[in-house]
2 protein chains.
Amino acid sequence: MTVPPGVVRLPRVTLAGQVAGAMRDAVLSGVFPPGQQMNEAELAGRFEVSRGPVREAMQRLVQEGLLVSHPHRGVFVVRLSEADLADVYLARSAIESTALRRIADLPDREPLAGHLAAAVAGMAAAVAVADWADVADSDLAFHRALVDAAGSPRLSRMYETVQAETRLSFQHLMSGYRSSAELVDEHRRLAALATGGDLQAALVELARHLADPVRILRRIGAAAGDPGAP
Amino acid sequence: MTVPPGVVRLPRVTLAGQVAGAMRDAVLSGVFPPGQQMNEAELAGRFEVSRGPVREAMQRLVQEGLLVSHPHRGVFVVRLSEADLADVYLARSAIESTALRRIADLPDREPLAGHLAAAVAGMAAAVAVADWADVADSDLAFHRALVDAAGSPRLSRMYETVQAETRLSFQHLMSGYRSSAELVDEHRRLAALATGGDLQAALVELARHLADPVRILRRIGAAAGDPGAP
DNA sequence: CCGTGAGCGATTGTCAACAATCCTACGATC
DNA sequence: GATCGTAGGATTGTTGACAATCGCTCACGG
């Protein structure tokens with residue numbers, strides 16, 4: 001019997017892996033408030049598994065920066081301060097600007113342009129109906145496409161962590177997105193520059209986009225519910 | 001009773017944490033060859049602990065990129081290819097160049113200059129006696145000081161992972177250091193530029209220092225045991 | 001000879017129980 | 001009232017046993 005193409009090895013799934021995914025989603029969607037203790041026994045009961053896989057899952061999220069572990073005292077949802085937000089943006093800037101440098105050398109930037117355009121279109125549609133969660137998703141998908149286009153496993157892996165923290169800080173520090181066409185235009189401009197071949201202009205635009213947290217924090221102060229771009 | 005200053009909360013230590021540290025050291029020092037399976041039961045016996053803490057320790061190293069886990073099949077020491085090495089250098093470049101930008105804004109760069117000078121002195125002494133392990137340690141300490149001086153927890157955390165991979169790829173892909181004063185001079189020059197206030201020159205020097213892997217790989221090909229700077 | 005299925009041993013994944021640690025509350029003493 | 005010591009409950013850390021999975025080998029049938 002010859003096996004037809006398309007038949008591939010099925011992914012192995014462990015309980016710990018599934019629990020980690022479910023917990024990651026729960027943390028990122030704000031189900032647990034900052035500083036909340038994650039009770040092993042209770043979570044194990046909810047998931048109907050033993051404490052072992054829950055422990056493993058939580059260790060993973062600790063390494064991802066979403067939870068923090070204090071030995072013998074428990075594991076807690078991180079409290080992200082404004083200083084943390086600033087640091088997240090610095091890390092994003094490091095990763096995304098390096099990605100832009102790689103993208104500038106790509107022989108074919110059309111696939112990336114397509115992905116960025118799709119994200120911008122999704123963002124515009126979400127802005128039109130004031131669906132803030134979708135705006136955030138599109139925004140993060142835009143930047144994720146940028147980093148992944150660099151073709152660097154390590155940049156992508158680092159960005160995964162930092163993007164989760166971006167989403168989390170958005171949950172904890174910000175209360176929503178402004179309904180503004182400026183946000184969409186900003187991304188449209190960045191997409192054009194990132195794929196247009198003018199690296200220096202793209203870097204300047206990215207730096208402006210991820211400008212220093214003082215500007216972002218000013219926005220928070222100036223208008224509640226007006227946090228700027230993640 | 002008033003407690004005198006200097007009396008601080010003692011760090012809590014778990015078996016899992018200790019096992020993780022010992023295993024990290026063993027992996028980084030080349031005790032386990034690339035692709036080696038890490039047998040839980042055997043390691044648990046060696047450490048005289050149960051398999052639980054060994055599992056937790058290994059999960060941590062998996063997240064750090066030193067081990068790779070295949071569910072139901074085991075955990076293995078990663079095999080780092082030349083493409084991996086190139087990617088590690090790209091990630092280092094992203095982090096270290098961002099650190100340089102932050103350092104350029106430091107009000108006082110003297111402490112960093114001191115740390116870099118100490119690392120260079122240690123490197124020179126190690127080169128003089130052809131102690132390759134010490135050369136590597138000094139080299140990595142130099143770059144670590146650079147990143148830590150940026151004062152960004154996330155840059156430092158990301159760098160920890162990438163530096164461990166640097167050390168590991170050094171173990172797996174390279175066979176030693178050349179005994180060369182050029183290496184020491186390179187670092188001395190980088191230290192001067194990093195703390196001297198000329199950001200552009202420092203960035204150019206860092207880029208040269210972490211030049212594209214093709215140059216490094218050429219060196220491997222040109223002279224066995226002559227891998228260039230990590 | 002080749003392909004398939006079954007069995008076995010080794011190893012990983014999970015479970016439940018016990019041990020250890022922490023925090024809080026309460027009582028005793030000064 | 002402040003401090004100290006103790007006990008108890010809740011939770012985390014670890015252990016050893018059982019369950020599940022995988023890879024390899026061997027036997028059988030076509």
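Letters A, B, ... are given to chains in the order of the sequence lines, protein chains preceding strands, and every chain is numbered from 1. Treat the numbers as computed from the prediction; the structure is a model and nothing was measured.
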Quick one: [X] [atom1] to [N] [atom2], roughly how many Å, whole number?
{"X": "A:Glu56", "N": "D:dT12", "atom1": "CD", "atom2": "P", "answer": "16 Å"}
{"X": "A:Leu15", "N": "D:dA19", "atom1": "CG", "atom2": "C1'", "answer": "12 Å"}
{"X": "A:Glu40", "N": "C:dT14", "atom1": "CD", "atom2": "P", "answer": "15 Å"}
{"X": "B:Phe76", "N": "D:dC22", "atom1": "CZ", "atom2": "P", "answer": "13 Å"}
{"X": "B:Arg55", "N": "D:dG16", "atom1": "CZ", "atom2": "P", "answer": "16 Å"}
{"X": "A:His70", "N": "D:dG13", "atom1": "NE2", "atom2": "P", "answer": "12 Å"}

**Complete:** Quick tally for nucleotides 19-24 of chain C: nucleotides whose base has a protein heavy atom under 4.0 Å get B, sugar-phosphate-only ones S, the rest -, giving --SSS-

**Prompt:** If you round to the nearest 0.5 Å, how far is CG of A:Leu85 from OG1 of A:Thr166?
**Reply:** 8.0 Å

**Request:** Applying salt bridge (Lys or Arg N to Asp or Glu O under 4.0 Å), run through B:Asp84 and A:Arg154 and close with a yes or a no.
**Result:** CA-CA 9 Å; B:Asp84 287 315; A:Arg154 280 162 189 80; 3.5 Å; yes

**Request:** Taking atom types as modelled, find out whether A:Gln163 and A:His143 have a side-chain donor-acceptor pair closer than 3.5 angstrom.
**Result:** no

**Prompt:** Which part of the nucleic acid, if any, lies within contact of B:Met58, taking any heavy atom under 4.0 Å across all strands shown: a base, the sugar-phosphate backbone alone, or nothing?
**Reply:** nothing

**Prompt:** Which heavy-atom pair separates A:Ala164 from A:Leu28 by the least distance, and what is that distance?
**Reply:** O-CD2, 3.3 Å

**Message:** To check you understand the geometry: which heavy-atom pair defines the closest contact between A:Ile95 and B:Met158, and what is its length?
**Reply:** CD1-SD, 4.0 Å

**Prompt:** Is the distance from OP1 or OP2 of C:dT12 to the nearest side-chain N or O of B:Gln37 less than 4.0 Å?
**Reply:** yes

**For A:Phe142, ring-ring contact (aromatic ring centres under 6.0 Å, His included) partners two or more places apart** = A:His187

**Criterion side chain to side chain contact (heavy atoms under 4.5 Å, CB included) against A:Phe47, the qualifying member of A:Gln18, A:Glu42, A:Met23** = A:Met23

**Item:** Note: B:Asp105-B:Arg101 ion pair, threshold 4.0 Å (strictly below)
**Value:** no

**Asked** When you look at B:Glu165 and A:Arg157, which way does the salt bridge (Lys or Arg N to Asp or Glu O under 4.0 Å) test go after all the steps?
**Response** CA-CA 14 Å; B:Glu165 290 188 282; A:Arg157 190 178 71 197; 3.2 Å; yes

**Prompt:** When you measure from every atom of DNA chain C, which of residues 46-54 of chain A have a heavy atom less than 4.0 Å away?
**Reply:** A:Val49, A:Ser50, A:Arg51, A:Pro53

